[in-house]
Amino acid sequence: MEARITPLTLSEIWIYPIKSLAGISLTETELTSRGLKYDRRWMLIDANGKFMTQRSLPALALIDVKIEGESLLVSHRQKNLLPLLIPFKNDSSEPLTVQVWDDTMEALSVSAEADRWFSEALDQPCRLVFQPESTQRKVDSRYASHGEITSFSDGYPFLLIGQESLNDLNARLESPVPMNRFRPNLVFTGGNPYEEDTWAAFKVGPQDFFGVKPCARCVLTTIDQTTAEKGKEPLKTLSKYRNWNNKILFGQNLLPGSITQSIKVGDLIEVSKVKEAPLQVEI
């Protein structure tokens, strides 16, 4: 491969401990086989055990999540609710069967206190659950190579997006959108717009990753993550030039190689193998 004038560099790391709630920006993080440490290990479910997301409940965007010692601290951006502390260690012995898309798996309830807090925050009954180590949720076998697992993510343990891809999209929009509309785990600078589509194998610092599947985007990208207001963009514009087999693509789903200790912002990225992109974009 030709040497790059501008190096590829990891610029942002994001985790979303509770699925579909606000994310947390990190400068360094540990990795696990099911994703970044703490990423989407908790989730809200309805009375039928089905996962709840901003797709049908945009108000989830208004709940902030922070790491406080050995706990998560959640707070509501608009409602006058006392913050809720959720210890990392879950002592619950109540197993529940929960559903994420077509996958069903075992989870553990967190606490009656958490259920009450979130039910009041969302004005509807719900429960908070945790994914224990014993739950091994497999990724789609069509893309897995070694029986990889994931957390409560939509389907894969990591999502990567290039900053140049967002810059190109924003140049096409009347009003630019921030990266948080797309909820990536890893963001990088350098390279060309949508270059991540072609990455088959690469390293972020010491960690091997494999690009396995472009990420199909949904209405969640149209929700302002600060106000929870819903619009038509950026999905409307993306549909005009990132539509492949009736799926709107933005970002690359990843699987990990052998897990290293950690990665950090500033790590260099080295691409060792490329593949053909599913679609070509005129820049």
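For residues 12-33, the pairs satisfying salt bridge (Lys or Arg N to Asp or Glu O under 4.0 Å) are K19-D154, E30-K37, with sequence neighbours left out. The salt bridge (Lys or Arg N to Asp or Glu O under 4.0 Å) pairs that include a residue from residues 97-110 are D103-R137, where partners are two or more places apart or lie in different chains. Among residues at least two apart or in separate chains, salt bridge (Lys or Arg N to Asp or Glu O under 4.0 Å) pairs with a member in residues 204-226 are K203-D208. For residues 230-239, the set of pairs meeting the salt bridge (Lys or Arg N to Asp or Glu O under 4.0 Å) definition, not counting sequence neighbours, is empty.
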For residues 120-132, please give each side-chain donor-acceptor pair under 3.5 Å, one per line with the distance, not counting sequence neighbours.
residue: D123; atom: OD1; partner: K79; partner atom: NZ; Å: 2.9
residue: D123; atom: OD2; partner: K79; partner atom: NZ; Å: 2.9
residue: R127; atom: NE; partner: D115; partner atom: OD2; Å: 3.2
residue: R127; atom: NH1; partner: E94; partner atom: OE2; Å: 3.4
residue: R127; atom: NH2; partner: E94; partner atom: OE1; Å: 3.1
residue: Q131; atom: OE1; partner: R34; partner atom: NH1; Å: 2.7
residue: Q131; atom: NE2; partner: S151; partner atom: O; Å: 3.4

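Not a single ring-ring contact (aromatic ring centres under 6.0 Å, His included) links F118 to another residue, sequence neighbours left out. Scanning for side-chain contact (heavy atoms from CB on, under 4.5 Å) contacts around S71 gives L85, P87, with sequence neighbours left out. Applying the ring-ring contact (aromatic ring centres under 6.0 Å, His included) criterion to Y16, with sequence neighbours excluded, gives no partner residue. In terms of the side-chain contact (heavy atoms from CB on, under 4.5 Å) criterion, S56 has no residue partners (sequence neighbours excluded). The salt bridge (Lys or Arg N to Asp or Glu O under 4.0 Å) check on R40 picks up nothing, with sequence neighbours excluded. The side-chain contact (heavy atoms from CB on, under 4.5 Å) search around P206 returns T260, D267, not counting sequence neighbours. Applying the side-chain contact (heavy atoms from CB on, under 4.5 Å) criterion to S75, with sequence neighbours excluded, gives D64, P83.
No more than 12 heavy atoms of other residues, nucleotides or ligands sit less than 6.0 Å from atom CD of E270.
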